[in-house]
Number of protein chains: 4
Amino acid sequence: MGEKSNQKRQLILETARKIFMEKGYKNVTMKDIVEACGISRGGLYLYFNSTRDIFAEVLRLESQEMDDVFSAGVPEDAAASDILALFLKEQKKEILRKKSNLTVATYEYFFENKVAKKDNLLRSRFEEAVTVIEKLIVDGVENGEFYCEDPLGCARNIMYVLEGLKASAHTMGITEKTVDSELLYVMQGLVAEE
Amino acid sequence: MGEKSNQKRQLILETARKIFMEKGYKNVTMKDIVEACGISRGGLYLYFNSTRDIFAEVLRLESQEMDDVFSAGVPEDAAASDILALFLKEQKKEILRKKSNLTVATYEYFFENKVAKKDNLLRSRFEEAVTVIEKLIVDGVENGEFYCEDPLGCARNIMYVLEGLKASAHTMGITEKTVDSELLYVMQGLVAEE
Amino acid sequence: MGEKSNQKRQLILETARKIFMEKGYKNVTMKDIVEACGISRGGLYLYFNSTRDIFAEVLRLESQEMDDVFSAGVPEDAAASDILALFLKEQKKEILRKKSNLTVATYEYFFENKVAKKDNLLRSRFEEAVTVIEKLIVDGVENGEFYCEDPLGCARNIMYVLEGLKASAHTMGITEKTVDSELLYVMQGLVAEE
Amino acid sequence: MGEKSNQKRQLILETARKIFMEKGYKNVTMKDIVEACGISRGGLYLYFNSTRDIFAEVLRLESQEMDDVFSAGVPEDAAASDILALFLKEQKKEILRKKSNLTVATYEYFFENKVAKKDNLLRSRFEEAVTVIEKLIVDGVENGEFYCEDPLGCARNIMYVLEGLKASAHTMGITEKTVDSELLYVMQGLVAEE
DNA sequence: TATGAATGAGTCTTCATTCAT
DNA sequence: AATGAATGAAGACTCATTCAT
């Protein structure tokens, strides 16, 4: 029994995810989702009570997947600088993807739902990433790949730059060139010291 | 046209500005504005056709004032590092002001109204600030206050960090301490080289 | 300006009153009223926010009118027994009117909206009637029309009987004969003592 | 049919009874009952087709029990006035019980379902009670406990007063003192003649 | 018998926008 | 220029009822 209903739940979440990517968060109505899913008005309410609930779940799944991806794709013996470059490349891709990402929806959602820091998914994702980057830098310094006196500060700086780029991409627009030069600048700070 | 009608226009814009600061952009209705202004429904439409128009105008005025303030408050002979510090202090204040700023409304507005780069107010404000900061850095380097090999890159980096902080403040929340350490990190990059 | 809008308010209240008489309180929807009035959905909300508000107002007006009627129709020099008989006749008429009265709606309304005793219209109407009847009895006793040792108790008894008849009329049904014999019984208690 | 299915029927009725006592008749949905019973939506429909059917049955059982109770609790040789006092005391208790009684639900049900007099449970319960009271009065008169020229009229009067009190309790609110003085008044009419 | 997912009609409520005055 | 009553579309939500399993 749970199986089938779980499938529909998945269908709803996947469909809703696409809609949120297209339209952001605030513009999405229960009706939008109902129609896109091809289910009845009442049917949707069996699974979720609001677009808010749906988006929260979409976001939760998104975060889970991210964790998986992160821990998966990276070779054990890769050089720190390579891993960092890889990470930045991923971020770049997401920053430049205009439509197919949840950035706008996520911003809109969190503008409206001030979440306690503790439970704030965005915050924990951010902190997690900071930790990973910091560790990469430390490793890199040990290997002589990087030069850095304040790995934590540098990691945070990188993350805030990325956040700034992400936001800017959806407000002022941003070119690949701009992203490249920003990321380059950040990497040079790590490498280019004599 | 007349003086009087211009006064009402100002009233609307000032009132709307406050509302946008409180509620963001998407949550504001024509009704909200009408009621806050104490004018008639139809009356509002004589001046503006939508919250979008109103916000666009609020934003335009905001930008004008900013320019004025920038060029005004700074002493002629101040040291580059002092001016930069002053600028960052202002930014910090705005980042930490939770309610009384237009950040959220602005984001929401631009999420919804992808403006061509040319006419994008946010973009031009950003570029302008980059230019100013770059010039400060160049001055600072000449004076021996700063050490920096890529003033433009550094200026951009600073601006993106600020953007990231601004965004983060409204999504994940941010403490004064965090802002301080970010800004410190940025300044140290300019000063702390031997 | 207020004139016209006041007319519509009256129209709504009168129309709603009829509907409440037909369908009771709980069965009436905003849609019912909108359609009966021939106005738009949103239009109704300009005047009232809920059927509850509308009914409360209908009831308030009803009570006002009652007061007026009471004080109006009675000749100055009428005998107490005649006035009482007149009052009971009115009550009888209302009890037997199956459809065109607000009894059911009123019950349903007060079942749902437990009103503080002080502000309870029903209660004040009841008390008022008790007072009037008591005074009639006292007058009647003085004139030798009535014999009664406890005018207040008797007045209350009459009112509770009437309430019981009113309720019964809408739950078990009641015949004119039954009402007559009840009222007769009550009157005889006042007159038939040697 | 089977034992088991009969048990479930009982469960439904008992559960629904509690809900009706809490929420009246019109506010109760099939969903409420399903959830309170812990059975499936479809399951409920195997036994009853509507809240109306369920309430009708609840009421039928209620009446049966009443009969049982009535005939049970009364000692054979009790004085008429004692039995009547006992009866009134029971009624008083029910009138003052604010929540745990079916009065409101019953009113709401009969407002909506005008039942032919013949089949009207309320009516037959009422008539039955009248008969019992009348008989008590007759007995009392024979014993010299009571003085009464119209036992039937008096019995009816008592019942309508009780009905009036019951209704008032749920619309205007009523205090124990009020009930007491009403019942006292009624009893005095029987006793207090010289 | 029993389940519970699914439906769709019905109601409430809010808003941008228009228009007669 | 200005008013504010009026409209109707749009979205949220709930419920009785059905039906495949």
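Between E108(A) and V104(B) the shortest side-chain heavy-atom distance does not fall below 4.5 Å. With a 4.5 Å cut-off on side-chain heavy atoms, T51(B) and F55(B) do not count as touching.
Phosphate proximity of dG4(E) to S40(D): absent, as no side-chain N or O sits under 4.0 Å from OP1 or OP2. Dashed line: the shortest gap from a side-chain N or O of K26(C) to OP1 or OP2 of dT11(E) is not under 4.0 Å.
In this structure, the CD atom of E35(A) is 13 Å from the P atom of dT7(E), given to the nearest Å. Nucleotide dA16(F) holds its P atom 13 Å from the CG atom of D53(D), rounded to whole Å. Note: CD1 (I39(C)) to P (dT7(F)) measures 7 Å, nearest angstrom. Atoms OH (Y25(A)) and P (dG11(F)) sit 16 Å apart, rounded to a whole Å. The separation between R9(A) atom CZ and dA6(E) atom C1' is 17 Å, rounded to whole Å. In this structure, L44(A) places its CG atom 14 Å from P of dA5(E), rounding to the nearest Å. A straight line from CG of L46(B) to C1' of dT17(E) spans 13 Å, rounded to a whole angstrom. In this structure, I12(B) atom CD1 and dA1(F) atom P are separated by 12 Å, rounded to whole Å.
Across the strands present, dA2(E) finds its partner in dT21(F); the criterion is a Watson-Crick or G-U wobble pair with both atom distances under 3.5 angstrom. Pairing for dG8(E) goes to dC15(F), judged as Watson-Crick or G-U wobble with the two contacts each under 3.5 Å. Across all strands shown, dA9(F) is found opposite dT14(E) as a Watson-Crick or G-U wobble partner, with both distances under 3.5 Å.
Side-chain contact annotation: N101(B) with K166(B), donor-acceptor N/O pair under 3.5 Å absent.
Mapping G43(C) and N49(D) onto DNA chain F by nearest heavy atom places G43(C) at the nucleotide closer to the 5' end. When the nearest nucleotides of DNA chain E are assigned to S50(B) and G38(A) by heavy-atom distance, the more 5′-ward of the two goes with G38(A). When the nearest nucleotides of DNA chain F are assigned to Y47(B) and K31(A) by heavy-atom distance, the more 5′-ward of the two goes with Y47(B).
You'll find a donor-acceptor pair under 3.5 Å spanning the side chain of R41(D) and the base of dT17(F), going by distance alone.
What you find for L11(D) and C37(D) is that their closest heavy atoms are CD2-O, 4.0 Å.
Closest contact between the side chain of Y45(A) and the listed nucleotides dA12(F), dA2(F), dA6(F) involves dA12(F). Of the candidates dC12(E), dA2(F), dA6(E), the closest approach to any side-chain atom of K8(B) belongs to dA2(F).
Each of E62(C), E57(C), E65(C) was evaluated against R17(C); a single residue qualifies, E62(C), per the salt bridge (Lys or Arg N to Asp or Glu O under 4.0 Å) test.
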